[in-house]
Colleague: 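Before we start, here is the structure in question, set down as structure tokens.
What you see is a predicted model; the values in this text were computed from it and never measured.
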Amino acid sequence: TRFVEVGRVVLINYGPDAGKIAVIVNVVDANKCQIDSPATGVARQLISFKRIALTDLMVEVEKGAHSKTVEAAMTAGDVVSKWEKTSWAKKLAAKKRKASLNDFERFKVMVARKQKAKMVADKLASM
């Protein structure tokens with residue numbers, strides 16, 4: 001279960017830091033928390049719960065921990081690499097990669113899919 005708590009790693013889903021992960025360092029009220037993540041380039045800031053998504057990852061930090069403490073805890077816990085190994089992060093990376101394709105690369109993907117579909121259909125027909 002994912003609870004809003006100090007040390008919870010979150011994914012920012014809106015704003016200039018969208019797509020980056022950060023750590024909750026303080027819960028302000030029922031609508032906002034304070035996040036920080038020097039390791040991923042997110043400055044310490046107040047953010048609404050509507051703009052973040054809770055992950056399963058946790059970091060051992062105290063309430064109101066300094067940025068250096070948060071960075072040390074993130075590197076000690078190897079949070080960034082653990083995040084990149086999750087299926088959630090892989091889906092986001094694939095979506096970003098697909099969105100960055102140019103016209104010719106999209107055409108090559110379409111041709112490859114058609115070739116694959118034809119091979120599968122031929123194989124099924126021969127059975």
Side-chain angles (χ1 to χ4, degrees):
T1 54
R2 299 174 183 161
F3 296 115
V4 175
E5 55 189 322
V6 174
R8 173 71 61 188
V9 178
V10 296
L11 173 69
I12 302 170
N13 55 27
Y14 185 81
D17 292 323
K20 296 180 182 178
I21 57 171
V23 177
I24 295 177
V25 291
N26 196 1
V27 179
V28 177
D29 58 23
N31 299 313
K32 292 186 290 272
C33 66
Q34 187 176 32
I35 60 169
D36 191 13
S37 180
T40 59
V42 177
R44 182 176 286 241
Q45 59 187 298
L46 290 179
I47 193 164
S48 171
F49 290 135
K50 293 179 182 179
R51 295 184 175 206
I52 60 175
L54 302 175
T55 67
D56 289 331
L57 303 174
M58 284 287 294
V59 173
E60 290 295 324
V61 292
E62 296 293 321
K63 180 178 177 183
H66 294 285
S67 291
K68 287 184 180 180
T69 309
V70 173
E71 185 173 16
M74 285 184 75
T75 55
D78 206 19
V79 174
V80 177
S81 66
K82 284 181 184 176
W83 165 250
E84 290 170 351
K85 290 177 185 173
T86 63
S87 60
W88 189 357
K90 290 176 185 175
K91 285 178 192 174
L92 290 175
K95 188 176 181 181
K96 186 176 181 181
R97 190 169 45 249
K98 186 176 178 185
S100 70
L101 295 178
N102 62 28
D103 186 48
F104 184 60
E105 291 168 337
R106 283 192 301 273
F107 173 76
K108 289 193 293 188
V109 169
M110 179 198 68
V111 169
R113 288 180 62 208
K114 287 170 82 173
Q115 287 174 345
K116 178 185 168 194
K118 182 169 180 6
M119 286 192 306
V120 169
D122 290 346
K123 192 69 169 177
L124 284 174
S126 69
M127 292 180 133

Colleague: How far apart are the closest heavy atoms of Val59 and Ala73, and which atoms are they?
Modeller: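 Distance-wise, the nearest heavy atoms are CG1-CB, 3.2 Å.
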Colleague: Taking a hydrophobic cluster as the set of Ile, Leu, Val, Met, Phe, Trp and Tyr residues connected by side-chain heavy atoms closer than 4.5 Å, whether directly or through intermediates, do Val10 and Val4 fall within one such cluster?
Modeller: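 Hydrophobic grouping puts Val10 with Val4.
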Colleague: Distance from Asp78 atom CG to Leu57 atom CG, nearest 0.5 Å?
Modeller: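 Between atom CG of Asp78 and atom CG of Leu57 there are 10.5 Å.
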Colleague: Please say whether more than 12 non-hydrogen atoms of neighbouring residues, nucleotides or ligands are located less than 6.0 Å from CD in Glu105.
Modeller: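 Yes, the 6.0 Å shell around CD holds more than 12 heavy atoms from other groups.
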Colleague: When you look at Ser48 and Asn31, which way does the side chain to side chain donor-acceptor pair (under 3.5 Å) test go after all the steps?
Modeller: CA-CA 6 Å; Ser48 171; Asn31 299 313; over 6 Å; no
Colleague: Would you say the side-chain atoms of Asp17 and Gln45 include a donor-acceptor pair closer than 3.5 Å?
Modeller: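 Judged by distance alone, the side chains do pair up.
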Colleague: Might you work through the side-chain contact (heavy atoms from CB on, under 4.5 Å) test for Ser67 and Val70, ending with a clear yes or no?
Modeller: CA-CA 5 Å; Ser67 291; Val70 173; 5.6 Å; no
Colleague: Which value, rounded to the nearest 0.5 Å, describes the distance between Arg51 atom CZ and Lys32 atom NZ?
Modeller: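 If we round to the nearest 0.5 Å, Arg51:CZ and Lys32:NZ are 11.5 Å apart.
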Colleague: Is Ile47 close to Cys33 at the side-chain level, that is, under 4.5 Å between some pair of heavy atoms?
Modeller: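 Counting from C-beta outward, Cys33 and Ile47 do come under 4.5 Å.
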Colleague: Taking all heavy atoms of Ala22 and all of Ser37, pick out the closest pair and write down the distance.
Modeller: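 Shortest heavy-atom contact: CA-CB, 3.5 Å.
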Colleague: Could you grab the distance from atom CD1 of Ile24 to atom CE of Met58, nearest 0.5 Å is fine?
Modeller: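 Here the interatomic distance stands at 8.5 Å.
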Colleague: List the steps, then state whether side-chain contact (heavy atoms from CB on, under 4.5 Å) holds for Lys98 with Arg106.
Modeller: CA-CA 8 Å; Lys98 186 176 178 185; Arg106 283 192 301 273; over 6 Å; no
Colleague: Could you walk me through whether Val23 and Val42 satisfy the side-chain contact (heavy atoms from CB on, under 4.5 Å) test, starting with their C-alpha distance in whole Å, then the side-chain angles of each, then the deciding distance to 0.1 Å, before giving a yes or no?
Modeller: CA-CA 10 Å; Val23 177; Val42 177; over 6 Å; no
Colleague: So that I can tick it off, tell me whether Glu71 and Lys68 are bridged by a salt bridge, with the cut-off set at under 4.0 angstrom between side-chain N and carboxylate O.
Modeller: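 The answer is no: the pair does not qualify as a salt bridge.
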Colleague: Give the minimum heavy-atom separation between Thr40 and Lys20, together with the two atoms involved.
Modeller: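 Heavy atoms only, the tightest pair is O-CD, 3.6 Å.
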Colleague: How long is the gap from CD on Gln115 to CE on Met110, to the nearest 0.5 Å?
Modeller: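 Rounded to the nearest 0.5 Å, the CD-CE separation comes out at 10.0 Å.
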Colleague: Hey, does Phe49 have a side-chain heavy atom less than 4.5 Å from the side chain of Val27?
Modeller: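 They are in contact (side-chain heavy atoms under 4.5 Å apart), so the answer is yes.
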Colleague: What are the two closest heavy atoms between Arg8 and Arg2, and how far apart are they?
Modeller: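 Smallest heavy-atom distance, with atoms named: NH2-CA, 4.0 Å.
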Colleague: Side-chain heavy atoms nearer than 4.5 Å, only ILVMFWY residues, links allowed to pass through others: does that put Ile12 and Val79 together?
Modeller: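 Shared cluster, no.
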Colleague: Might you work through the side-chain contact (heavy atoms from CB on, under 4.5 Å) test for Phe3 and Thr1, ending with a clear yes or no?
Modeller: CA-CA 6 Å; Phe3 296 115; Thr1 54; 3.2 Å; yes
Colleague: Do Ile35 and Trp83 share a hydrophobic cluster, counting only Ile, Leu, Val, Met, Phe, Trp and Tyr and linking them when any side-chain heavy atoms are less than 4.5 Å apart?
Modeller: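 In one cluster with Ile35: Trp83, no.
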Colleague: At what distance, to the nearest 0.5 angstrom, does CD1 of Ile52 lie from CG of Asn13?
Modeller: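 The distance works out to 8.0 Å.
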Colleague: Working to the nearest 0.5 Å, report the span between CG of Leu11 and CH2 of Trp88.
Modeller: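 That separation rounds to 5.0 Å.
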Colleague: Shortest non-hydrogen contact from Met127 to Lys123?
Modeller: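 Closest approach of Met127 to Lys123: CG-O, 3.2 Å.
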